[in-house]
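Worksheet for the structure shown next.
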Number of protein chains: 2
Amino acid sequence: MQIDSINIAQTASAATIIYEALKKAIIEGQLADGAPLRQDEIAKMFNTSRIPVREAITMLEQQGLVVTQRYKGAVVAGISPDEAAEIWDFRALVEGHVIEAAVPRMSDETLELARSYLMAFSEGATPVDWGDQNRKFHTILYRDSGLFYHLGVIEKTLDRVDRYLRAQLALSNGLARANREHEAILAACERRDATRAAELTRQHILGAKTNLLDNLRKR
Amino acid sequence: MQIDSINIAQTASAATIIYEALKKAIIEGQLADGAPLRQDEIAKMFNTSRIPVREAITMLEQQGLVVTQRYKGAVVAGISPDEAAEIWDFRALVEGHVIEAAVPRMSDETLELARSYLMAFSEGATPVDWGDQNRKFHTILYRDSGLFYHLGVIEKTLDRVDRYLRAQLALSNGLARANREHEAILAACERRDATRAAELTRQHILGAKTNLLDNLRKR
DNA sequence: CACTTGCATATTGTATCCAATATTCGATAT
DNA sequence: ATATCGAATATTGGATACAATATGCAAGTG
């Protein structure tokens, strides 16, 4: 048949829609650490019953984005400096490995996309812009690795710390430094120097870690 | 007060109980790949309504242990040889890193526990025994790293592939080889040789990977 | 006034019921 | 005989109603 069709079976359930919306709100920091998620309130916002809301909250809990206590409800999960330090170490380990696997298989199209995100990053005006473009830039460089399990773990880890990542970018020297280091990583990819790209990625992440921790402790 | 008390708030909800039971059934292979999870059936088994069953299934889905299709339901998620290969690579990367961090902080008590699991492993009679003791052995060696995020990711990864891990152990040369390699890893830990323990752990996991893949392809 | 106790209210957990969709199976037509 | 259609059944998704628990407050007690 010659009809433009979409697979209706893939339309999202109410639970999925609510989950995505809440996840976005948490990731972008619109819901602060410790903020409670009231089922009734959310249900009214989405004009549904509490059932899909509960399923959405269950998903968020599995992702580690909220913590729930029985009969008390869910609150947005914060992150301690120690946890942040560990998660940045984890990122350096996994993202370094993945980019090393990706470089030999990296298409020209990928490199072009990466460069466009890099430009959008340096032209961004708000923390949300910076965070979005920063994430797009990194993710695209990992994609051609074809390591889907690794990629999934990285996604979940980034979701978990996105708020803090944005905060780090917004620090005084965060943006300029990120730009410089992104440029170097991309250059290594373009030279097809996988080892170097991996090394630069690890340094980039670990540098961001110390930068962030210095500031977390200062407060 | 002098009363033996338990924190009732920590008693599990119906959804959690069902989740744990289903997870166990999937991990131990009692539910085969592709087996459907009928909400009504499970609800009757646990003498509850379908609501907590659905929450349990959404938890399983977030863990990647089942895949669901709207209005069609959930089935146990299988794993392709490619995915298996990638996940074993991931394990080698992360578990190698974690054991290296753990060795310098490893307590004598941990080493004793590890040795007891090793003995129980070699004396086990069934695939379930082998799998349990194997997992206990590895997990205890990682614990003293204090890297909770890494440990959580490792747990989830092992849950995802536990069935295949058992299968690999049950292969002709699986047990003897695992025993030999475990012994070497533990010896390195006892010598406080972190680098060597990490290297042996990586080899152990990657060796199991090729062993498993040879057999997956044979079928 | 500090402290407990009991009640009213708020919130979450679960059961029951209805709606939406998928699947099975038989009847019919070609 | 095979394919197609449609009704009956099975199954999941969601709304409503009720039960269990937590929280805040006011009255009572010392």
Side-chain angles (χ1 to χ4, degrees), chain A residues 1 3 5-23 25-26 31-32 34-77, chain B residues 1-3 5-23 25-26 31-77:
Chain A
M1 278 193 298
I3 301 178
S5 59
I6 59 168
N7 186 344
I8 288 188
Q10 286 177 1
T11 55
S13 65
T16 309
I17 292 170
I18 296 170
Y19 164 68
E20 295 289 349
L22 290 178
K23 187 168 91 169
I26 293 172
L31 286 167
L37 273 62
R38 297 276 163 244
Q39 297 175 5
D40 231 357
E41 186 186 348
I42 297 166
K44 275 172 190 153
M45 286 168 61
F46 288 89
N47 200 29
T48 67
S49 75
R50 281 166 42 227
I51 300 289
V53 174
R54 292 174 56 83
E55 291 190 13
I57 289 175
T58 303
M59 295 186 218
L60 292 171
E61 171 155 45
Q62 292 295 316
Q63 304 288 341
L65 291 174
V66 306
V67 291
T68 71
Q69 271 190 297
R70 202 175 180 206
Y71 297 117
K72 284 193 176 176
V75 298
V76 176
Chain B
M1 277 194 299
Q2 288 292 337
I3 300 177
S5 58
I6 59 168
N7 185 345
I8 291 186
Q10 287 178 1
T11 55
S13 64
T16 310
I17 292 170
I18 296 170
Y19 164 68
E20 296 289 348
L22 291 178
K23 188 170 90 169
I26 293 173
L31 285 167
D33 289 359
L37 274 62
R38 297 275 162 245
Q39 297 176 5
D40 231 355
E41 188 185 346
I42 296 166
K44 274 172 190 153
M45 287 169 63
F46 289 88
N47 199 28
T48 67
S49 75
R50 280 166 42 225
I51 299 289
V53 175
R54 287 173 43 185
E55 291 192 10
I57 289 176
T58 60
M59 293 188 221
L60 293 171
E61 171 155 46
Q62 291 297 313
Q63 303 289 341
L65 291 174
V66 306
V67 291
T68 71
Q69 272 189 297
R70 202 172 183 210
Y71 297 117
K72 284 195 177 176
V75 298
V76 176

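Order of the sequence lines sets the chain letters (A, B, ...), proteins ahead of strands, with each chain counted from 1. Keep in mind that what you see is a predicted model, and the values were worked out from it rather than measured.
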For atom CZ of A:F46 and atom P of D:dG14, their distance in whole Å: 13 Å

Side chain to side chain donor-acceptor pair (under 3.5 Å) against A:E20, all qualifying residues, sequence neighbours excluded: none

Rounded interatomic separation in angstrom, taking CD1 from A:I42 and C1' from D:dA15: 17 Å

Qualifying side chain to side chain donor-acceptor pair (under 3.5 Å) pairs, either residue in residues 43-52 of chain A, two or more places apart: A:Q39-A:R50

Any residue meeting side chain to side chain donor-acceptor pair (under 3.5 Å) with A:T16, in chain and number order, not counting sequence neighbours: A:S13

Non-neighbouring partners of B:D33 that pass side chain to side chain donor-acceptor pair (under 3.5 Å), sequence neighbours left out: B:R163, B:Y164

Residue pairs, two or more places apart or on separate chains, that pass side chain to side chain donor-acceptor pair (under 3.5 Å) and touch residues 51-61 of chain A: A:R54-B:E55, A:E55-B:R54, A:E61-A:T68

Check the interface with nucleotides 10-17 of chain C: list each N/O to N/O pair with the protein under 3.5 Å, or write none.
from: C:dT11; atom 1: O3'; to: A:R38; atom 2: NH1; distance (Å): 3.3
from: C:dT12; atom 1: OP1; to: A:R38; atom 2: NH1; distance (Å): 3.2
from: C:dT12; atom 1: OP2; to: A:Q39; atom 2: N; distance (Å): 3.3
from: C:dT12; atom 1: O3'; to: A:Y71; atom 2: N; distance (Å): 3.4
from: C:dG13; atom 1: OP2; to: A:Q39; atom 2: NE2; distance (Å): 3.4
from: C:dG13; atom 1: OP2; to: A:R54; atom 2: NH1; distance (Å): 2.6
from: C:dG13; atom 1: OP2; to: A:R54; atom 2: NH2; distance (Å): 3.4
from: C:dG13; atom 1: N7; to: A:R50; atom 2: NH2; distance (Å): 2.8
from: C:dG13; atom 1: O6; to: A:R50; atom 2: NH1; distance (Å): 3.3
from: C:dT14; atom 1: OP1; to: B:A14; atom 2: N; distance (Å): 2.8
from: C:dA15; atom 1: OP2; to: B:S49; atom 2: N; distance (Å): 2.6
from: C:dA15; atom 1: OP2; to: B:S49; atom 2: OG; distance (Å): 2.7

